Structure formats: C-alpha cells, structure tokens
Amino acid sequence: MLEIRNLHKSFGTLDVLKGVDLSLEKGKVLVIIGPSGSGKTTLLRCLNLLEMPSEGSLKLGDSALEFGTGRKPSKSQILKLRQSTGMVFQSYNLFPHKTAIENVMEAQIIVQKKDKASARKRSAELLAKVGLSGKEDSYPHQLSGGQQQRVGIARALATDPQVMLFDEPTSALDPELVGEVLKVMKQLAAEGMTMVVVTHEMKFAAEAADTVVLMDDGVVLEQGRPDQVLRNPSSARAAQFLNVLIEKEG
Amino acid sequence: MDERKIQILIDSLLPMIKAGLQFTIPLTLISFALGLVLAILVALVRLWKIPVLSQIAGIYVWIIRGTPLLVQLFIIFYGLPSIGIEFDPFPAAVIGFTLNMGAYNSEIVRAAIQSISNGQWEAASSLGMTRGQALRRIILPQAARVSVPPLSNSFISLVKDTSLAYTITVIEMFQVSKQISATTYEPLLIYCEVAVLYLVLCTVLNALQNVMEKRLARFSAS
C-alpha cells in the first residue's frame, strides 16, 4: 500500500531526512514518534508532497513517484497522490469562512465534481461518524478545538483517501479534549483505515499502532511492534527519549 | 437667501444629478470593477513571482503610484493622439482611473492574500485542489473580508477623483456645476451644492461598506 525508499529531504544545507525506508500494509496503523526536530513531521508531509522530497521514491496505491535531480513528479501526479491521501493538521486548518458541513463538502464538489446533494449527504454521514451531528451549520469559530479537529478528520475522509495522515492531531488541544479526537482515530483504525500518525500520545501508540517508528535526527532509530519499540528499545538513545516521554506523562 | 438663489439651486440640481447618474457613477463603477480585476492579476503575478510579468507589474505600480493622476489623464487623452492613439473622453477617463485603481488596489489585495495563513493553502492542497481552485474557493473569499475596509477607502477616493475627468472634457457632475456657475455667476452657491452631492454619494457608500463588512464578518468571532 505505502512504501518509501531512501527518502531524503533537505532545506538548503540542512538535511532533515537522511534516507528513510518504511512500508505499510493496507489497513494498518503506523505511528511515528520522536523528539522535536527529528524529521517526523517532515516525513509525514513528504507523503502527500506538501514537502517535495529531495531524493528517493514513494509508492502509494497505484502512484509510484521518484525524486532527485531532474526527477520531479508532474502536476497531475502530485494532484493524484494528494487525492488518495487525507491529511489532518495540528492546527486543524479548517476553512473559517465555511460551515462544518461546507468544509467537508468542499473537496467533494471542487475536486471530485460530485453534485451538491450527494456531497451534502455524504458529509452529514461523516460528521455523524465523528460525533458531530447537529453541528453541520456551525462555523469553525463556534466549535471547540476538539470539535474542530473532528471536522478536520471528516474533511480529510471525504474524498475516500487510501491512507490518512495525522500530523500531531492532538498537540494543540486542551488536555480534556484530547480523548474525543483519539477516540475517533481509534474507531477509524478499528474499521480498517490505513493510517500514518505523528504523535506524542504514547497511550495511543501502544493501543492503536500496528507498527511504531521512532525517528531521531532524520533517520529511523527503531521500528517494530509497539510493545517491542516502547518497552524494549534496542538503542540507548531510544530508551532515553522514551523515558523522557513516560516521565512527562507521569 | 433670496428667492432667485433658491431658484438657481433648484434649477441646477437636476442637471447635476443627471450628470452624476450618467457619468460620475458609471465612471466610478466601471473603473473600480476593471481596476479590481487588474489589481488581483497584478497582485498574483507579483506574489507568485512569475518571471517577466512580475517585473512589468512592479514597474507599472511604481509609475502609477509615483505620478499625479491628473498628469496620467492628460497623457492618455491629450498626449497619446500625437502617436495616433485616440480615445473619446469617457473611455480615456475609464482607462486612466482603471490603471490608477489597479496599481493602488494591487497592494491592498497583495497584503490581504498574504495575511491568510499558509495552513489554508496547505489544507486546500492536501485535499487535491489545484492552486487556482484553492485561490478561488479558499483564499480570495477570506482575503476579500480583510480587504473590504481599505478597498472601500479607495472606492470613496475614486468617487471624488472622478471630478478630475472634467479636465479631459467628460461632462460629469463637477463639469456641469462649473458650467452652471459660469452662467449664473454664483460660484459659492453652486460649488457648495455640488460638494453636498458628493457628500451624499460618499455617505451612502459608507453605509454600504458597513453593511458589507457585517455580512463578511459573519464567519468570524472577532
């Protein structure tokens, strides 16, 4: 389903990703953890080309892209890849001038060219799925952070992506609102959605992930089943990072 | 005030209003609309740094903002015919005011687009929208809200600036008042009367601006 090989990304002279290999099967959940500056968010953003990788290859569904000097994906390849991914942002990035349901309808109408009635029907279903029935006509500023993020999830689901990308989806939320978002994500995972999640939520990683990837300094430090990576990391660096996180969660 | 003066005021009102409806208002609306389209194009060309076009756009804005509007109008109407480009007064005025609005408003539009967070572009891209779709559906509607107050300002300036069109023989409101003043020998009275007409026009526009700001603010908490 998802396969990346030797992925590099540099910003000028700064190498943020230094050759990352990962693969993910359909229906599985991959959680990426790591200290800030480790390149985990950049890696996630490379998966839908919000950042263009400098080198390497990326396969997602039936898109196969190569990066490097002289090898840049075409505009139509980029659009196709983005349509087969859904992204949930740390700061939600909802469209403030549109209601909750209009946020979810937008891509169906503009990108998928669905008619309004069927887009509205599908959007209402998605909002119900994330527990926001009755909030269809609220504007983002009228919703709590947790509600906004759930609209963000519904919006990303609306184009029926093959894989969902979550970029620290609960980091901007007040602690008491984190649970409602994680609950929706766990439900999606249980339904068999393929997901890549960058997060600091160790509990979510332990409970929902099929694979946990620990990144540090632009490379994959550890990779494996959650119990293996979170409880018995093989490197001292990984153990040190996990200790810090566990202490913080207290 | 004696009866004769009151009669002059009443007699001159209709021709002035007629000139306003026939020339001042259409000149304002057409120039503003065309100028806004031009302003958006110039803003985008400069924001996206499109080669050659963005340099041309930069020079255009620099020249228009750095020279008097009156001089621009004279060049278009009196200057260009000597190289074989001739316009009637009204189209010449439309061209002059459009170029002027385009230059000033492009800076307003550019600032408004830049004020929209990059996350909005990213969210639109992540959904598979093209840059054009993101611009039209997501960015411009939000930028419009930010730019209503400064654009209203330049619109109201334009209403008053159209009086300069009298210099290139457009028979707009001020031109008519000038003619009436010359035949009645009542400059104070007539010019004050036309000033009141401009004031009424701008007051109405101000009220429209407030309505528009309220409507556009409905999606925002602030």
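The sequence lines fix the lettering, A, B, ..., with proteins before strands; numbering per chain opens at 1. Here the structure is a predicted model, which is why all the values come from computation and not from measurement.
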Can you establish whether the number of heavy atoms outside Lys121(A) located under 6.0 Å from its atom NZ is more than 12?
no

Roughly how far apart are Glu102(A) CD and Arg137(B) CZ, rounded to 0.5 Å?
8.5 Å

Does Trp62(B) CH2 have over 12 foreign heavy atoms under 6.0 Å away?
no

Heavy-atom distance under 4.5 Å to chain B: side chain of Leu94(A), backbone, both or neither?
backbone

Please determine whether the number of non-hydrogen atoms from other residues, nucleotides or ligands lying under 6.0 Å from atom NZ of Lys28(A) exceeds 12.
no

Gap between atom CG of Leu127(B) and atom CG of Leu79(A) - 0.5 Å precision:
11.5 Å

Give a yes or no on this: more than 12 heavy atoms of other residues, nucleotides or ligands lie within 6.0 Å of atom CZ of Arg5(A).
yes

What is the distance from atom CD1 of Ile110(A) to atom CD of Gln133(B), rounded to the nearest 0.5 Å?
6.5 Å

So, does Gln83(A) use its side chain to make a donor-acceptor pair with the main chain of Ser126(B) at under 3.5 Å?
no

Looking at every heavy atom in both Ala123(B) and Phe95(A), which two are closest together, and how far apart are they?
CB-CE2, 3.9 Å

Evaluate the criterion side-chain contact (heavy atoms from CB on, under 4.5 Å) for residue pair His97(A) and Arg145(B); output intermediate values, then yes/no.
CA-CA 10 Å; His97(A) 59 306; Arg145(B) 178 178 165 264; over 6 Å; no

Determine, step by step, whether Met87(A) and Glu122(B) satisfy the side-chain contact (heavy atoms from CB on, under 4.5 Å) criterion, reporting the C-alpha distance in whole Å, the side-chain angles of both residues, the deciding distance to 0.1 Å, and the verdict.
CA-CA 10 Å; Met87(A) 185 149 191; Glu122(B) 290 190 344; over 6 Å; no

Heavy-atom proximity to chain B below 4.5 Å, by part of Arg45(A)
side chain

Does atom CD (Glu125(A)) have a neighbourhood of more than 12 heavy atoms from anything else shown, all under 6.0 Å?
yes

For Pro96(A) and Gln120(B), the nearest pair of non-hydrogen atoms, with its separation, is CD-OE1, 3.5 Å

Can you tell me if Lys75(A) has over 12 outside heavy atoms packed within less than 6.0 Å of its NZ?
no

In Å, rounded to the nearest 0.5 Å, how long is the span from OG of Ser125(B) to CD1 of Ile78(A)?
10.0 Å

